[in-house]
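A quick write-up on the structure given underneath.
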Amino acid sequence: MKNILELREEIDKGNVTKEELFNNSVDMAKKYQEKYNSFVTILDNYEGIDSNSILSGIPYAMKDNVSTKGILTTGSSNILANYVPVYDATIYEKLKEAGAVLVGKTVLDELAIGGTGTTGHTGVVLNPWDKTRQIGGSSAGSAAAVALGIVPFAIGSDTGDSIRKPAAFGGVVGFKPTYGRISRYGLFAFASSLDHLGVFARNVKDVAIVTDIVKGHDSKDMTSLPDDDREYSKLLDNDVTGRKLFYIKEALENNDNDPEMEKIIENFKVVIEKCKTLGIEVCEESIDKDLLKAMYPTYKAISCAEVTSNDANLTGIHFGVRGEGNTPDEIIMDARTKGFCELIKRRFVLGSYILQRENQEKLFLNACRVRRMIVDRVNELFREYDGIIMPAAEGIAPKLEYESDMLSDKFLILGNHMVIGNFGGYPSITIPSGFVDNMPVGINITGRVKEDDVVLNIANKIEGSMEYANQVAKEMK
Amino acid sequence: MYKVVIGLEVHCELKSNSKNFSSARNSYSTVPNSNVSVVDLAFPGILPVVNKEAVRNSIKMALAMNCEVPEYLTFERKNYFYPDLPKGYQITQFKHPIGINGYVMINVNGEDKKVEILDTHLEEDTASLEHYNAYSLIDYNRCGVPLLETVTAPCINSADEAIAFLETLRSIFLYTDTSYARSDRGQIRCDVNVSLMEEDALELGTKVEIKNINSFSSVREAIICEVARQTEILSNGGKISQETRRYDENTNETYLMRSKEDALDYKYFTDPNLPPVKISREWVNEIKDEIPRLQYERSLLYINDYAISRKDAYTIVREKEISDYYEECISLGGDPQLVCNWLTGSVIGNMNKMGLTITDISLTPNMLVELIKLINDGKISGKQGKDVLEKSLETGKTPSQLVSEMGLSQITDENEIRNIVIDVINENLNLVEDYKAGKRVFDYFIGQIMKKTRGRANPVITSRILKEELDK
């Protein structure tokens, strides 16, 4: 399975046409669809625009919560099962302009709410490395499509760890840049203050190449950052000697002697040794455990509050699947009752409760304060360190029916630390770091705001010290 | 009798090229759903971008109402489900309105009164709905139009005061050029809070809110009938319950919409898509400098400094354009009282007859001042002045041009007049005898002279010389 630069060369040399590449991807997508269910929509016809961009003619997949004019975009939800957008998301516009070729729209956890890849309205997405396991979510289909080698890159979105967790479970690279680096215009909102768009690929360089194309200020998104005029893909080989990273001591305390967690930590320690040989200093730092254990509830409170408001546009009145009834209230109630899965409805109720006048101070505003405290503490550490380095997950991809013990330290801290990247809007990347029990695992690097280039640079160097770049799911080899 | 306490919440659509948070046109249209963008319809993935022009206009209004303007521009979401609100929330300002703690001076039947402004905040208008028996129609043209909501303190004590405030507020919108403020287009609408209290009571009575009244005359009617309703309840020993009512123009009654218990919780929270924007003091000052002298201040100036009557002053300030016209005449050296007389009399009279506005008429302030000077200098008579004014309105020609074209310029040369006088006397020697005999023939002579000069002989000089000649 070739990466972007290899495909570029093939196209430029005339060894393969863009249309052939598209057809190859479509054929593979169709071949694996029944088995792994990565896609909501696989496109039929090649529609490429010629350009001088490095991405011209490169096939890719897009998460089905990004608005694509004229192409069904469901958010993997029944309420949008028939929704065809009338406008393009900025990220899609940029990729189109660059000549990248959309192959299909990928399955997500319904409306990006969830982290298992099991709640999309078209069914469960399976892990290409082991069909009995989750790929993780919410960007499940995008992770699987890249892991299967259907496309060299895919677009995902990340509100808690929705790119970086499935990347780890799928053995691929997943990156979300600084908040505001990629315009959110056209991304179906989950929790606006935490939502990021980002990129999956099978190596860091490809991720950087795609990010270079899709990043940039957008007048349609008031939270988008000014251009940083850096070409990340050109800065990947910078010297990393003297860079300093830390890991969170409390996250790696395996108090229950969990055997799987132990293997994760062992894998992580190998990576730390690699870092040292690269001249990167890695230290242990402590963060108040109460604060760490508050990450998940804080995330839950903020994201549920925001999503209940963000998804209030899904009424079936103006678009989407129309409900039945005699009054507007009845029609809306019917559409929303039938349109959402139970998990989402529960989160809406929770969010609504959290925002209620009498609860808002205690639940919502306090969550916002805790978010601030966590970010303040990390920023304090970032005065000394260039980034955090951590295992991307507390274990390997869980079995499909698995449910976490949501009150355990393992889940609350090691399983959810990547949300720090969303709280602070930090650039954050997961790269594969080997295998535990024959399943891929990954490490995560999170850096300072607006230092996307530094994070990619460090990740590229670490990737280069290991042999997991460009890997495709085992069954496919 | 109870004391009436009224607080008003006035919604007014602001002028701007595009809507408050989208690029759709902000313009009144009778074609439904013709000014609509994906943002207005809340398609998944859309984001709001705040309109600088709308913010500028809201700051202008805040300053014109003597409000404090916050350091940062921030917006909250007001969450509720209704088909006129596609996003399921309205973007509004809850925590830091664009203006707080202001006041507006009004004049009610000759008495000045200060109406306190609690806050004025920028939000977006909703779509308009038309309900039929079996269905409703939605027009999204209005959806997302910048809307400024101004909230007064409960300091208004009569329907007259309420109307005076609303008229004054509308004038501020018009004077600052921030809104068309036309109630026939629903651009200015009002919620009225009414409560009654015993004359000597210390605490306000229970308030009742009457929602969405579309014309000022309906505001008056709604207040009168709500006061009557509450008076009756209280007089019979009853209690007012806190509730929201709606006024029906057809029956002239208010009807219960919802009680306090059913009040909605809008779950306000900061809109994460709209980061705080610093409002620089330089910008605020720049906007402040653009605010012209307002209606109330102008009427005071005209009455106190120009010594014109209250009635005339109000006639002039009713429309900013007329007031501007008047002031330009003054700055060109026109006498305030004379300009006022001509403006409120012939100019406005003819203008209305012709169906024009002051900005459409061809008589410029320069021309009016020139006309008044021609009369003052005795070049033409007042009566001729009126003819010249009408001709000028018709043709756009300057008064002096018309005076010469119409052959109107007065003869003031004494020798010339004397010659004519002598001519007329010679032609009517028989009447000179009558004159000397004390008969009333003087006016006949004047008439003959005017006939000869086509009315151009200066009447004062003519009269003096005629007398001299007859008395010889």
Side-chain angles (χ1 to χ4, degrees), chain A residues 65-67 73 75 77 80 83 85-90 111 180 183-189 191-195 218-224 302 305-306 308-315 317-320 326-329 331-333 336 351-352 354-360 364-365 368, chain B residues 18 21-23 33 36-52 55 73-91 94-95 127 129 131 133-138 140 143 263-277:
Chain A
N65 61 350
V66 178
S67 194
T73 307
S77 179
L80 292 174
Y83 174 63
V86 296
Y87 79 100
D88 281 340
T90 299
L111 298 168
S183 167
R184 287 184 296 119
Y185 185 76
L187 166 66
F188 294 10
S192 314
S193 75
L194 301 165
D195 287 346
D218 182 10
S219 59
K220 296 193 190 99
D221 176 1
M222 284 192 75
T223 64
S224 79
I302 294 171
E306 289 186 18
T308 169
S309 172
N310 278 334
D311 281 346
N313 63 338
L314 305 177
T315 57
I317 300 265
H318 321 94
F319 53 81
N326 294 317
T327 65
D329 277 356
I331 292 168
I332 293 173
M333 190 98 77
R336 290 175 68 88
S352 191
I354 287 165
L355 281 179
Q356 269 170 21
R357 200 186 294 126
E358 57 271 33
N359 306 326
Q360 198 178 110
F364 182 65
L365 296 177
C368 294
Chain B
S18 54
F21 300 104
S22 86
S23 56
N33 298 309
V36 182
S37 82
V38 290
V39 174
D40 305 325
L41 290 178
F43 281 117
I46 58 93
L47 293 172
V49 176
V50 70
N51 182 328
K52 193 172 179 185
V55 174
L73 178 71
T74 54
F75 292 97
E76 274 75 34
R77 292 183 184 180
K78 177 179 180 179
N79 296 284
Y80 64 97
F81 283 105
Y82 204 64
D84 68 357
L85 191 70
K87 290 195 292 290
Y89 59 84
Q90 180 191 33
I91 303 176
F94 186 64
K95 289 183 198 155
L129 292 171
H131 298 292
N133 281 339
Y135 61 93
S136 298
L137 297 178
I138 314 181
Y140 291 101
C143 186
L264 294 172
D265 176 1
Y266 293 117
K267 298 173 192 144
Y268 290 98
F269 74 101
T270 303
D271 193 322
N273 291 322
L274 293 162
V277 177

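The figures here come from the full heavy-atom set of this structure, side chains too, leaving out hydrogens, waters and symmetry mates. Every chain is numbered from 1 and lettered A, B, ... according to where its sequence line falls, protein lines coming before strand lines. If you're wondering where the values come from, they're calculated on a predicted model, not measured in any experiment.
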Engaged part of Tyr268(B) at the chain A interface, taking heavy atoms whose separation is under 4.5 Å:
backbone

Side chain, backbone, both or neither: which part of Val39(B) has a non-hydrogen atom closer than 4.5 Å to chain A?
side chain

Are Lys95(B) and Glu76(B) packed together at the side-chain level, in the sense that at least one heavy-atom pair is separated by less than 4.5 angstrom?
yes

Contacting region of Asn79(B) [heavy-atom separation from chain A under 4.5 Å]
side chain

So what's closer than 4.5 Å to chain B heavy atoms on Asn310(A): side chain, backbone, both or neither?
both

Quick one, Leu274(B) and Pro48(B) - any side-chain contact, counting heavy atoms below 4.5 Å?
yes

For each of Gly186(A), Ser219(A), Ala189(A), tally heavy-atom pairs with chain B at distances under 4.5 Å, and name the one with the top tally.
Gly186(A)

I want to check something: taking the side chain as every heavy atom from C-beta on, are Thr73(A) and Val66(A) in contact at a cut-off of under 4.5 Å?
no

Residue part contacting chain B, namely of Thr315(A), when any heavy atom lies under 4.5 Å:
side chain

Are any of the side-chain heavy atoms of Leu129(B) and Leu137(B) separated by less than 4.5 Å?
no

Heavy-atom pairs under 4.5 Å with chain A - which of Thr270(B), Val277(B), Val38(B), Asp271(B) has more of them than the others?
Val38(B)

Heavy-atom distance under 4.5 Å between the side chains of Thr90(A) and Asp221(A), does that happen here?
no

As an exercise: rank Tyr140(B), Tyr80(B), Tyr82(B), Tyr135(B) by heavy-atom pairs under 4.5 Å with chain A and give me the winner.
Tyr140(B)

Can Ser352(A) and Lys267(B) be counted as having a side-chain donor-acceptor contact under 3.5 angstrom?
yes

Can you tell me which residue among Thr223(A), Leu187(A), Asn65(A) is in a side-chain contact (heavy atoms from CB on, under 4.5 Å) with Asp195(A)?
Leu187(A)

Region of Phe319(A) in contact with chain B, defined by heavy-atom distances below 4.5 Å:
side chain

The interface call for Gln356(A) against chain B, heavy-atom contacts under 4.5 Å, is both

Below 6.0 angstrom between ring centroids: does that apply to Phe94(B) and Phe269(B)?
no

Heavy-atom pairs under 4.5 Å with chain A are the metric here; pick the option from Ser23(B), Pro275(B), Pro83(B) that has the most.
Pro275(B)

For Phe43(B), is it the side chain, the backbone, both or neither that has a heavy atom under 4.5 Å from a heavy atom of chain A?
both

